[in-house]
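For the numbers below, each heavy atom of this structure counts, side chains included, while hydrogens, waters and symmetry mates do not.
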Amino acid sequence: MSLQPLSSSKAPRIVVLGSLNMDIVLRVPHAPAAGETLLGRSIDAIPGGKGANQAVSCAREGAQVQMIGCVGDDAHGAALRDALARDGIDTAALRTVAGEPTGTALILVEDSGQNRIVMIPGANARVAIDEASLTQQVQGAAFLVAQFETPMDQVTRAINAAHDAGCAVMLNPSPVQAIAEALWPRIDTLVVNEIEAQTLSGQNADNPEEAAQAGQALRAKGIARVVVTLGSRGAVAIDADGARHHPAPKVQAVDTTAAGDTFLGALAVALGEGQSFDEAVRLGIRAAALCIQQPGAQPSIPLRDAVLRSPLPPDWITL
């Protein structure tokens, strides 16, 4: 199936609730052991946060995007607002919290491309959902996209309000936390990595076959679609038609920080355009493969045109 560039009339609208962080990125040969001192290679301050990254990914795939979240009244907060605006993201629902620092993430990126992240929530902890306002914001939207880097009770309120308003919910439960049983059927699409899949399902998800079983266990909780991402091994898509393993193309990873967020944005936009679940997963894999070949979180997220020019991944395999 050939994917065509978006036209403005087909562009879906997506509302993203989530975190905004200034990423302090340290590039190191390897993660230090206890008591070890390393000479780092570089340090950079780069706009990030799972919510903001996913919003940027959606925007660069051509969607109309509105961001809901909080920043502090500091220079980092102003920089993050400006970064979203440069991608055409609506920040009218972004609140500046007086007296709070903007969220910050310390990211160690190893020469292998792997990363280790410590997040200080800052203003992200002050997100508060007004159900009436959110109900208006999601009217006509393809998805409400959410993660768990903002308070869990507020994410729950948002999911319930969006579901009741008839808006589909895409959830990336990271950092992973327990999900109330009543909330599961209100999630349309769940995007998890292998660790999150294992934690939430209680089953191993270390390979495509195990990921398929874990995904089926999660679907049984009332979710329509589950994607388990497996890094360099691609992703497994699980829905009412069964499970399919989508391999990833082989690329040299430079920085994997925004890979999952890039995947989710491309997935959400493709589904919002009406593409099939498998083609949407395939597009997400192509976008993530481009992302990890560049340094930095938001700077590495590709535009739709670049994704469409990228090599096709291998054919998917029914499990």
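When all heavy atoms of Ala125 and Pro151 are compared, the closest pair comes out as O-CG, 3.4 Å. Among all heavy-atom pairs drawn from Ala182 and Pro185, the shortest one is O-CD, 3.5 Å. Contact record, Ser232 with Ala248: O-CB, 3.6 Å, taken as the closest heavy-atom pair. Pro247 and Pro313 make their closest contact through O-CB, 3.5 Å (heavy atoms, listed as atom of the first residue, atom of the second, distance). Nearest heavy-atom pair, Gln137 versus Ala93, reported as atom, atom and distance to 0.1 Å: NE2-CB, 3.6 Å. Ala212 approaches Leu319 most closely through the heavy-atom pair CB-CD1, 3.7 Å.
Inspection of the Thr256 and Asn115 side chains reveals an N or O donor paired with an N or O acceptor under 3.5 Å. Between the side chains of Ser57 and Asp261, no donor N or O sits under 3.5 Å from an acceptor N or O. Of the N and O atoms on the side chains of Glu149 and Gln147, not one donor lies less than 3.5 Å from an acceptor on the other residue.
For Arg95, the CZ atom counts as densely surrounded, since its 6.0 Å shell holds more than 12 non-hydrogen atoms of other residues, nucleotides or ligands. The number of heavy atoms from other shown groups lying within 6.0 Å of CD (Gln136) does not exceed 12.
The backbone N or O of Ala289 lies less than 3.5 Å from a partner atom in the side chain of Gln293, making a donor-acceptor pair. The backbone N or O of Leu94 sits less than 3.5 Å from a side-chain atom of Arg81, completing a donor-acceptor pair. At distances below 3.5 Å, not a single donor-acceptor pair connects side-chain atoms of Asp23 with backbone N or O atoms of Val25. Looking only at distances, a side-chain donor or acceptor of Arg60 sits under 3.5 Å from a matching main-chain atom of Ile301. Under a 3.5 Å cut-off, the side chain of Asp255 and the backbone N or O of Thr257 do form a donor-acceptor pair. Between the side chain of Thr229 and the backbone N or O of Val227 there is no donor-acceptor pair closer than 3.5 Å.
The side-chain heavy atoms of Phe148 and Ile179, taken from C-beta on, include a pair separated by under 4.5 Å. Side-chain contact between Ser174 and Asn193: absent, with no pair of heavy atoms (C-beta onward) separated by less than 4.5 Å. Taking 4.5 Å as the limit, some side-chain heavy atom of Gln154 sits within range of a side-chain heavy atom of Arg157. Under the 4.5 Å side-chain criterion, counting only non-hydrogen atoms from C-beta, Leu312 is in contact with Arg282. Side chains of His245 and Glu209 form no contact here, defined as non-hydrogen atoms less than 4.5 Å apart. The closest side-chain heavy-atom distance from Glu100 to Cys70 is not below 4.5 Å. With contacts defined as side-chain heavy-atom distances shorter than 4.5 Å, the pair Pro302/Cys291 qualifies. The closest side-chain heavy-atom distance from Ile24 to Leu26 is below 4.5 Å.
Once rounded to the nearest 0.5 Å, the distance linking CZ of Arg286 with OG1 of Thr262 reads 14.5 Å. Here the straight-line distance linking atom CD of Gln198 with atom CG of Asp206 works out to 6.0 Å at 0.5 Å rounding. Rounding to the nearest 0.5 angstrom, the gap separating the CE atom in Met67 from the CG atom in Leu80 is 9.5 Å. Going from atom CD of Glu196 over to atom CG of Leu218 covers 10.5 Å, rounded to the nearest 0.5 Å. To the nearest 0.5 Å, atom CG of residue Asp111 and atom CZ of residue Arg41 are 4.0 Å apart. Going from atom CD1 of Ile46 over to atom CD1 of Ile43 covers 10.5 Å, rounded to the nearest 0.5 Å.
In the hydrophobic cluster analysis, where Ile, Leu, Val, Met, Phe, Trp and Tyr join through side-chain heavy atoms closer than 4.5 angstrom, Ile14 is grouped apart from Val138. Linking ILVMFWY side-chain heavy atoms closer than 4.5 Å, directly or via other members, places Val169 and Leu200 in a single hydrophobic cluster. Under a hydrophobic clustering in which Ile, Leu, Val, Met, Phe, Trp and Tyr are joined whenever their side-chain heavy atoms come within less than 4.5 Å, directly or via other members, Val155 and Trp184 fall into the same cluster. Two different hydrophobic clusters hold Ile159 and Val145 under the rule that ILVMFWY side chains link at heavy-atom gaps under 4.5 Å. If you chain together hydrophobic residues whose side chains sit under 4.5 Å apart, Ile120 and Ile107 never meet in one group.
With Asp239 as reference, Arg244 is the one residue of Arg219, Arg244, Arg225 to meet the side-chain hydrogen bond (donor to acceptor under 3.5 Å, both in side chains) rule. Checked options Leu171, Thr189, Val16; the residue passing with Phe143 is Thr189 (criterion: side chain to side chain contact (heavy atoms under 4.5 Å, CB included)).
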Yes or no on side chain to side chain contact (heavy atoms under 4.5 Å, CB included) for Arg86 and Gln298, after CA distance, side-chain angles and deciding distance? CA-CA 12 Å; Arg86 285 195 295 273; Gln298 288 177 24; over 6 Å; no
Assess whether side chain to side chain contact (heavy atoms under 4.5 Å, CB included) is satisfied between His30 and Leu38, documenting all intermediate values. CA-CA 8 Å; His30 59 268; Leu38 282 179; 3.6 Å; yes
May I have the step-by-step check of side chain to side chain contact (heavy atoms under 4.5 Å, CB included) for Leu267 and Met170, ending in yes or no? CA-CA 10 Å; Leu267 175 78; Met170 180 174 290; 3.8 Å; yes
Side chain to side chain contact (heavy atoms under 4.5 Å, CB included) between Val176 and Ile195, intermediate numbers included: CA-CA 9 Å; Val176 66; Ile195 301 301; 5.5 Å; no
